[in-house]
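What follows is a single structure, written as structure tokens, with notes after it.
Start at 1 with the first residue, then count along the sequence. First listed ligand is number 1; within each ligand, the first listed atom is number 1.
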Amino acid sequence: MVAGLFFISLFSLAVASPATRSNFVLHERRDAVPSSFVKVGPAPTTATIPLRIGLFSNDFPGLEETLYAVSTPGSARYGQHLTLEEAKAFMEPTTESLNAVTAWLDSHGLKATVTSPYGEWLRVDVPVSKANEMLNANYETFTHIETGKQIIRTLSVSLPEELTAHIEALHPATGFGRPLTVGRAPVVTASSRPAGNITSDAVPASCATTVTPACLQAMYGIPTTLATQKTNSIAVAGFIEQFAQTADLKTFLTRFRTDLPSTTTFALRTFDGGSNPQGAGDAGIEANLDIQYTVGVASGVPVTFVSGGETFSDGALEGFLDIINNLSGLATVPQVLTTSYGEDEPDQTAANFNKLCNAYAAYGTRGGSILFASGDGGVAGGQSQSCTNFIAAFPSGCPFMTSVGAVSGIPPSETAASFSSGGFSRVFTQPSYQTSAVQTYLTALGSTNAGKFTPTGRAFPDVSAQGVDFDIVNGGTLEGVSGTSCSSPTFASVIGLVNDRLIAAGKSPLGFLNPFFYANPGIFNDVTLGHNTGCNTNGFPAKAGWDPVTGLGTPNFPAILAAALAL
Ligand SMILES: *[C@@H]1O[C@H](CO)[C@@H](O)[C@H](O)[C@H]1NC(C)=O
Ligand SMILES: *[C@@H]1O[C@H](CO)[C@@H](O)[C@H](O)[C@H]1NC(C)=O
């Protein structure tokens, strides 16, 4: 803390507007710097905070009610998804909120830009000294120990009393996040893969050690015939300069999908100045995996690689907000969005997480399914780390998306992958669609791990799919990769193909999946073998029915399609 500057700012406040000086109300506070960061010192006074201001939606309860009405089987409004304008009517802030916040910014000589199609997010660049003054904050510089990357955050942030009813979330403030890193799909050796039983003649024996599109088609009954609907699509999220290579996709298809036209490729959409360069050194293992197991499995379903720039790459939150806000601005949203990135729930603030989760709810009302890899840290968060109490992975604790865990082996002997993240959110309470399934599990679990998790939290993952030793082509070379990063695109392909058949039959796409899934546990291959690990424990064991390692199980395409067509 530079005492002189601090006093100058107090002095100017007192002189400039003693009569109108606000009473501050604490908005959020963090007791300590997260252990993965160290404090460097005060933020440079010349620095600018790219402040995001999340305004309260005028009627989020109404949106949530609508989400369940259009997503719950048997509801009179099932499948009646909303237009952009209809969703906006719930999500937009009140004029009163917008005016109050605009007047506050005006009084500081600032002007915000609206950055979301529903109008609930604003952005304004604020010099550090002004941000400290406006938010009664103390923005400082912190270094992420592992990567050396510096970020500017404050351990406490307040709002003028008259704005607390209007501003729901602020970023960057006390939410740290970690720089997104590659490595969610580690290269592994075949020998580290559990053997599993070969129980079906239809599944090539090689699938026990190496997974290819043919394995997934055989295991899950995924059709090889071409999809027909061109309005249907799967969006694949791309971050941190992970680029999907068209040449690698062509090599992959030529080798593994000889039945598909070799010209089959993907479209590109960008946000925040993203790109998708195709140079020799640009191949990204995560992006190639995600693209190869959507284009290569969801035969003929249009796939779009949605590549974000580095502009807001401090952590997952900025990228996740920007991609969902960008896609939500389309008249017809991609019916499936799959993301294989994430971090740990405690890195985020509850308010920001809630705001992101609300955007996912709105996406569901529009007829879109949000799928995320559950994470690769077992019960220790998104990636393995030392811990005492279990850490939920972000954003799997959000009840309005579908979290996908990982398994290996061949049905009916599929086995939970030990790295498959699963557990219970400490931010979101358990949604009613899953309470019965989760209670059955908790009863069977007994006192195992008691005290290390919150049994009343939103439980995840919801479902799972193969995630060990996938063959991909990366930079022209065949590589084996493992992780829930394999599982989410695989599951996304299943939903993309089901949507193709639904649209062809004149029906709505599936949209928000969870109420349908939990009401139909029989459409999955139940996984009862194995367990995850983390925090020096054996994590959670897989059990009959839902469990916090493999969810409801892996997809049985014919069963999911039949249930979906009957809706
Ligand atoms: C294979 O199946 C048998 C019989 O169900 C079971 O006892 C055995 O544990 C299984 N092996 C593996 C590796 O899953
Ligand atoms: C999404 O990003 C594209 C490309 O940068 C841009 O043209 C478009 O306006 C963005 N849409 C929204 C709703 O932000």
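Minimum interatomic distance between Asp462 and Thr402 (heavy atoms only, all atoms of both residues): OD2-CA, 3.4 Å.
Applying side-chain contact (heavy atoms from CB on, under 4.5 Å) to Phe90 and the options Asn58, Leu63, Asn358, Thr365 leaves one that passes, Leu63. For the side chain to side chain donor-acceptor pair (under 3.5 Å) with Thr174, the qualifying choice from His27, Arg30, Glu28 is Glu28, the only one to do so.
For Lys111, the NZ atom is loosely surrounded, since the number of other residues' heavy atoms within 6.0 Å does not exceed 12.
Under the 30°/60° scheme for interplanar angles, the aromatic rings of Phe256 and Phe252 are found to be tilted. Classified by interplanar angle (parallel below 30°, tilted 30° to 60°, perpendicular above 60°), the ring pair Phe271/Phe239 is perpendicular.
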As a test of reading the model: which N/O atoms of the protein lie under 3.5 Å from N/O atoms of ligand 2, and at what distance?
{"from": "ligand 2", "atom 1": "2 (O)", "to": "Thr270", "atom 2": "O", "distance (Å)": "3.3"}
{"from": "ligand 2", "atom 1": "2 (O)", "to": "Asn326", "atom 2": "ND2", "distance (Å)": "2.3"}
{"from": "ligand 2", "atom 1": "11 (N)", "to": "Asn326", "atom 2": "ND2", "distance (Å)": "3.0"}
{"from": "ligand 2", "atom 1": "14 (O)", "to": "Asn326", "atom 2": "ND2", "distance (Å)": "3.4"}

